[in-house]
Amino acid sequence: MTGMSVLGIFAKQPQPGRVKTRLCPPLTPLQAAELYRCSLQETVDLAARGAWTRMLFYRGERRYFRNSFPDVPLTEQRGADLGERLAEAFASRFAEGARKVVIIGSDSPDLPPTLIGEAFAALNQYDAVVAPADDGGYVLIGLRRNVPELFTDIPWSTDRVLAVTRQRMTEHRLSFLKLPGWYDLDDVAGLRQIMRRSPKSGTARLAARLLDGTAP
C-alpha cells in the first residue's frame, strides 16, 4: 500500500492562544499549547503503525514541523477555511498519484491504528469512509477519488458536520461506509475521558498533571 495509500494528518503549530482555546480555563494558554503538542506527537507516532505513507498538512512555521518531525513529509495547508484546506489536501494527493487518501486530525491521540487500517481496507470497496466524532463531526475521512464538493458549505464547528457531509455523499452518489466512532480532545470532559480510556497515553498523563495542578 505504501505510496498508493496516504494518511494525512492535519496539524497546527502549538502556539499559546491559538490551539485548544476551549480548554482555557482551567488551563492556561501555555498549558493548552503543551497539551496540544503532546497530542500531536502521539498522533504522528500512532500514524506510523501501518502500511501507508504519512504526511503532515501543517499550519504555522515550516521550520517547527521540519525540526519536530524530520522523517514525515510536509505540505502546507492551503485555503481560506477548513473545507478549502481539506479539499486541497485531497486534491494534491490524488494529483500525485495516490489511490486512497485518509485524513485525520491531531485531536485524537489514542485513535486506534486498527481503525485507520479499516478505513483503507474499506476504500477497496467504497468511494468514501468516515469515522464519527462524539461532537457531531468526524475524526477521520477517506476517499478513493477527488470529490471537492464534500467540503463546500459545511457548517464547520457545529454538531451538523457529519450529517451534512453524509448528505453531500448521497447527493454525489458516493458509496460510503460509516466506521466506528472515536473521540476528539476538545474540552475538559474530553480530557477526563482520555484519562479513563487510555491512562497510559502521554497525553492522558499530561492532562492528569495539568488538571491536578502538578504540571507547570
Got Pro73 and Leu56 here, is their nearest side-chain heavy-atom distance under 4.5 Å? no
Could you tabulate the donor-acceptor pairs under 3.5 Å formed by side-chain atoms of residues 110-125, not counting sequence neighbours?
| from | atom 1 | to | atom 2 | distance (Å) |
| --- | --- | --- | --- | --- |
| Asp110 | OD1 | Trp182 | NE1 | 3.0 |
| Asp110 | OD1 | Arg197 | NH2 | 3.2 |
| Asp110 | OD2 | Arg197 | NE | 2.8 |
| Asp110 | OD2 | Arg197 | NH2 | 3.1 |
| Asp110 | OD2 | Ser198 | OG | 2.6 |
| Asn124 | OD1 | Lys100 | NZ | 2.9 |
| Asn124 | ND2 | Ala121 | O | 3.3 |

With a 4.5 Å heavy-atom cut-off, do Leu206 and Leu210 have their side chains touching? yes
For the residue pair Tyr36 / Ser106, report whether a side-chain donor-acceptor contact shorter than 3.5 Å exists. yes
Measure the shortest side-chain to side-chain distance between Leu185 and Thr203 over non-hydrogen atoms and say whether it is less than 4.5 angstrom. yes
Not counting sequence neighbours, list each pair that qualifies as a salt bridge (Lys or Arg N to Asp or Glu O under 4.0 Å) and has a residue in residues 33-50. Glu34-Arg37
Here the pair of heavy atoms bringing Gln77 nearest to Ala11 is NE2-O, 3.2 Å
Please report the interatomic distance CZ(Phe176) to NZ(Lys178), rounded to the nearest 0.5 Å. 9.5 Å
Could you go through the side chain to side chain contact (heavy atoms under 4.5 Å, CB included) check for Leu23 and Lys20 one step at a time? CA-CA 6 Å; Leu23 291 171; Lys20 293 297 161 204; 3.9 Å; yes
Counting only N and O atoms by type, is there a donor-acceptor contact under 3.5 Å from the side chain of Thr43 to the main-chain atoms of Ser39? yes
If hydrophobic clusters are built by linking Ile, Leu, Val, Met, Phe, Trp and Tyr wherever their side-chain heavy atoms come under 4.5 Å apart, do Leu35 and Val188 end up in the same one? yes
Heavy-atom closest pair, residues Gln31 and Leu27: OE1-CA, 3.4 Å
Taking every heavy atom of Phe65 against every heavy atom of Gln13, the minimum-distance pair comes out as CZ-N, 3.4 Å
Do the side chains of Tyr58 and Glu76 get nearer than 4.5 Å, heavy atoms only? yes
Heavy atoms of Arg59 and Arg85 approach each other most closely as NH1-NH2, 3.4 Å
Roughly how far apart are Asp187 CG and Arg22 CZ, rounded to 0.5 Å? 5.5 Å
Apply ring-ring contact (aromatic ring centres under 6.0 Å, His included) to Phe57 and list each qualifying residue two or more places apart in sequence or on a separate chain. Phe10
Kindly say whether Lys200 contributes a backbone atom to a donor-acceptor pair with the side chain of Arg205 at under 3.5 angstrom? yes
N/O donor to acceptor pairs below 3.5 angstrom from side-chain atoms of residues 146-166, sequence neighbours left out:
| from | atom 1 | to | atom 2 | distance (Å) |
| --- | --- | --- | --- | --- |
| Thr158 | OG1 | Pro155 | O | 2.6 |
| Thr158 | OG1 | Arg160 | N | 3.2 |
| Thr165 | OG1 | Val161 | O | 2.7 |

For the residue pair Thr53 and Leu7, establish whether any side-chain heavy-atom pair is separated by less than 4.5 Å. no
Apply side-chain contact (heavy atoms from CB on, under 4.5 Å) to Glu96 and list each qualifying residue two or more places apart in sequence or on a separate chain. Arg93
Would you tabulate the side-chain donor-acceptor contacts of residues 127-138 under 3.5 Å, counting partners in other chains and residues two or more places apart, or write 'none'?
| from | atom 1 | to | atom 2 | distance (Å) |
| --- | --- | --- | --- | --- |
| Asp127 | OD1 | Arg144 | NE | 3.2 |
| Asp127 | OD1 | Arg144 | NH2 | 3.3 |
| Asp127 | OD2 | Ser175 | N | 3.0 |
| Asp127 | OD2 | Ser175 | OG | 3.2 |
| Asp135 | OD1 | Gly137 | N | 3.0 |

Can you confirm whether Ile104 sits close enough to Ile9 that some side-chain heavy atom of one is under 4.5 Å from a side-chain heavy atom of the other? yes
Kindly give the heavy-atom pair with the smallest separation between Ser201 and Ile194, and that separation in Å. OG-CD1, 4.2 Å
Do the non-hydrogen side-chain atoms of Met169 and Ile141 ever get within less than 4.5 Å of each other? yes
Which atom names give the shortest non-hydrogen contact between Gln41 and Phe69, and what distance separates them? OE1-CE2, 3.5 Å
Flag the pair Ile103 / Leu140 as yes when at least one side-chain heavy-atom distance between them is below 4.5 Å, and no otherwise. no
If you measure from the Lys or Arg side-chain nitrogens to the Asp or Glu carboxylate oxygens, is any gap between Arg54 and Asp71 under 4.0 Å? no
Let me confirm one number: the CG-CD distance from Leu174 to Glu171, rounded to the nearest 0.5 Å. 10.5 Å
